[in-house]
Each structure stands twice: as C-alpha cells, then as structure tokens.
K.L.:
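Please find one structure pasted underneath; my questions will follow.
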Amino acid sequence: QVQLVESGGGLVQAGGSLRLSCAASGRTISSYAMGWFRQAPGKEREFVAAISSSGGSTYYSDSVKGRFTISRDNAKNTVYLQMNSLKPEDTAVYYCAARIVPRYTVYDERYDYWGQGTQVTVSS
C-alpha cells in the first residue's frame, strides 16, 4: 500500500504562485507514474499534470501548460507541482495520484492510489 499526503495549498492572489508537495509512504514510488488532478466545486475531477517514473517525461492539460510544472524527487519519495501565474479558475481541491506502472495517463480511473487533497484558492 502507498499513502499519499498533499501539502502546500492555500489562499493566493491571482498572478501568485504556490508549490504543492505530495509525500509518499509505505512503498517507494520510484517505479510509479504520478499525476495531479483537481476538482472544483460542482465540477468533475480533471487531469492537471503527470510525470513518468523516471521524471523524464511530463504531460500537462492545456489549461495549465506553461504555468505549472510537475517534478519529482525519487530519493525523497515526493512529487511536486509548481503553480505560477495562478488564475481564479485554478481554484480547486488538488489531488496527487500514483499509478503502479512507469507510464502516466490522463485517466483518473487508471491510477491506483490517491491522496486526500489540498485546497487551492485563488482570489481575483
């Protein structure tokens, strides 16, 4: 079993930055693809970004491309999401997810482990 704990969320003004962290425990995630998803009130959960197990390949949704950066430190068993130029429409609960294969996917049902989420609120 893998436990994922997100942190780093909060309230920020539009144009500001936040860095989310996802700390894994219970098992090393070095062979797992990792993803970030978000869910805004009244909306379905949506894909944000993903990274391969080695960190050599990343993928972003069009809505965050150029503003967000996903990275990982396998030695620390941690994945990050650097969010810059935040917009009010980025307001959501952000979830970290792990997939027990090296290759990522944008489909949330194909991830095996999930964190509890961290709230990000961007004020205008």
Side-chain angles (χ1 to χ4, degrees):
Q1 288 286 346
V2 175
Q3 292 78 44
L4 302 174
V5 178
E6 302 96 335
S7 61
L11 173 64
V12 64
Q13 288 188 333
S17 299
L18 284 174
R19 188 175 85 150
L20 305 184
S21 298
C22 172
S25 61
R27 187 172 294 182
T28 178
I29 59 169
S30 59
S31 62
Y32 295 1
M34 300 295 294
W36 285 97
F37 292 78
R38 67 186 182 187
Q39 188 167 21
K43 295 187 177 181
E44 293 188 354
R45 186 164 57 190
E46 65 172 354
F47 169 79
V48 175
I51 188 166
S52 61
S53 59
S54 67
S57 180
T58 58
Y59 188 74
Y60 300 91
S61 68
D62 288 343
S63 62
V64 307
K65 194 177 300 180
R67 299 187 297 122
F68 291 10
T69 302
I70 188 172
S71 62
R72 67 190 298 160
D73 185 339
N74 285 340
K76 295 183 177 180
N77 231 26
T78 301
V79 178
Y80 306 97
L81 185 69
Q82 177 67 42
M83 307 186 295
N84 298 329
S85 302
L86 283 161
K87 304 175 181 180
E89 50 263 46
D90 294 318
T91 295
V93 177
Y94 283 71
Y95 298 91
C96 172
R99 187 171 190 235
I100 56 172
V101 294
R103 184 64 180 174
Y104 52 73
T105 177
V106 302
Y107 301 106
D108 58 357
E109 66 269 21
R110 297 181 184 177
Y111 284 80
D112 302 286
Y113 300 102
W114 291 84
Q116 83 291 346
T118 186
Q119 176 71 47
V120 172
T121 302
V122 184
S123 64
S124 57

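Only a predicted model underlies this, so the values are computations on that prediction, with no experimental measurement involved.
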K.L.:
Disulfide (SG to SG under 2.5 Å): which pairs involve residues 83-124, sequence neighbours left out?
P.N.:
Cys22-Cys96

K.L.:
Looking at every heavy atom in both Gly117 and Glu6, which two are closest together, and how far apart are they?
P.N.:
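Of all heavy-atom pairs spanning Gly117 and Glu6, the closest is N-OE1, 2.9 Å.
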
K.L.:
Could you check whether any side-chain N or O of Thr78 sits under 3.5 Å from a backbone N or O of Lys76, counting only pairs where one atom can act as donor and the other as acceptor?
P.N.:
yes

K.L.:
As an exercise, state the distance from CD of Gln116 to CD of Gln3, rounded to the nearest 0.5 Å.
P.N.:
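Here the interatomic distance stands at 11.5 Å.
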
K.L.:
Tell me the closest heavy-atom pair linking Tyr104 and Ala50, and the distance in Å.
P.N.:
CB-CB, 3.5 Å

K.L.:
Just verifying a value: how many Å separate Gln1 CD and Ser25 OG, rounded to the nearest 0.5 Å?
P.N.:
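Result: 10.5 Å between the selected atoms.
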
K.L.:
For Val48, which fellow cluster members are found when Ile, Leu, Val, Met, Phe, Trp and Tyr are connected by side-chain heavy-atom distances below 4.5 angstrom, either directly or through intermediates?
P.N.:
Val2, Leu4, Val12, Leu18, Leu20, Ile29, Tyr32, Met34, Trp36, Ile51, Tyr60, Val64, Phe68, Ile70, Val79, Leu81, Met83, Leu86, Tyr94, Ile100, Tyr113, Val120, Val122

K.L.:
Assess, by modelled atom type and distance only, whether the side chains of Asn84 and Ser17 contain a donor and an acceptor separated by less than 3.5 Å.
P.N.:
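The answer is yes; a qualifying pair exists.
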
K.L.:
Quick one: does Asn77's side chain have a donor or acceptor within less than 3.5 Å of a partner on Arg27's backbone?
P.N.:
yes

K.L.:
How many angstroms lie between CZ in Phe47 and CZ in Phe37, if you round to the nearest 0.5 Å?
P.N.:
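It is 6.0 Å, given to the nearest 0.5 Å.
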
K.L.:
Kindly write out the residues that satisfy salt bridge (charged side-chain N to carboxylate O under 4.0 Å, His left out) with Arg45, not counting sequence neighbours, or none if the list is empty.
P.N.:
Asp108

K.L.:
Between Thr121 and Thr91 (side chain of the first, backbone of the second, donor and acceptor by atom type, cut-off under 3.5 Å), is there such a pair?
P.N.:
no

K.L.:
Report the distance from atom OG of Ser30 to atom CZ of Arg72, rounding to the nearest 0.5 Å.
P.N.:
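Here the rounded value is 7.5 Å.
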
K.L.:
Should the pair Arg19 and Tyr80 be classed as cation-pi, given the thresholds of under 6.0 Å to the six-membered ring centre and 45° from the axis?
P.N.:
yes

K.L.:
CD/Gln82 to CZ/Arg67 distance, rounded to the nearest 0.5 angstrom?
P.N.:
12.0 Å

K.L.:
What is the distance from atom CD of Gln39 to atom CD of Gln119, rounded to the nearest 0.5 Å?
P.N.:
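Result: 11.0 Å between the selected atoms.
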
K.L.:
Should the heavy atoms of other residues, nucleotides or ligands under 6.0 Å from NZ of Lys65 be counted, would the total exceed 12?
P.N.:
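More than 12 within 6.0 Å, yes.
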
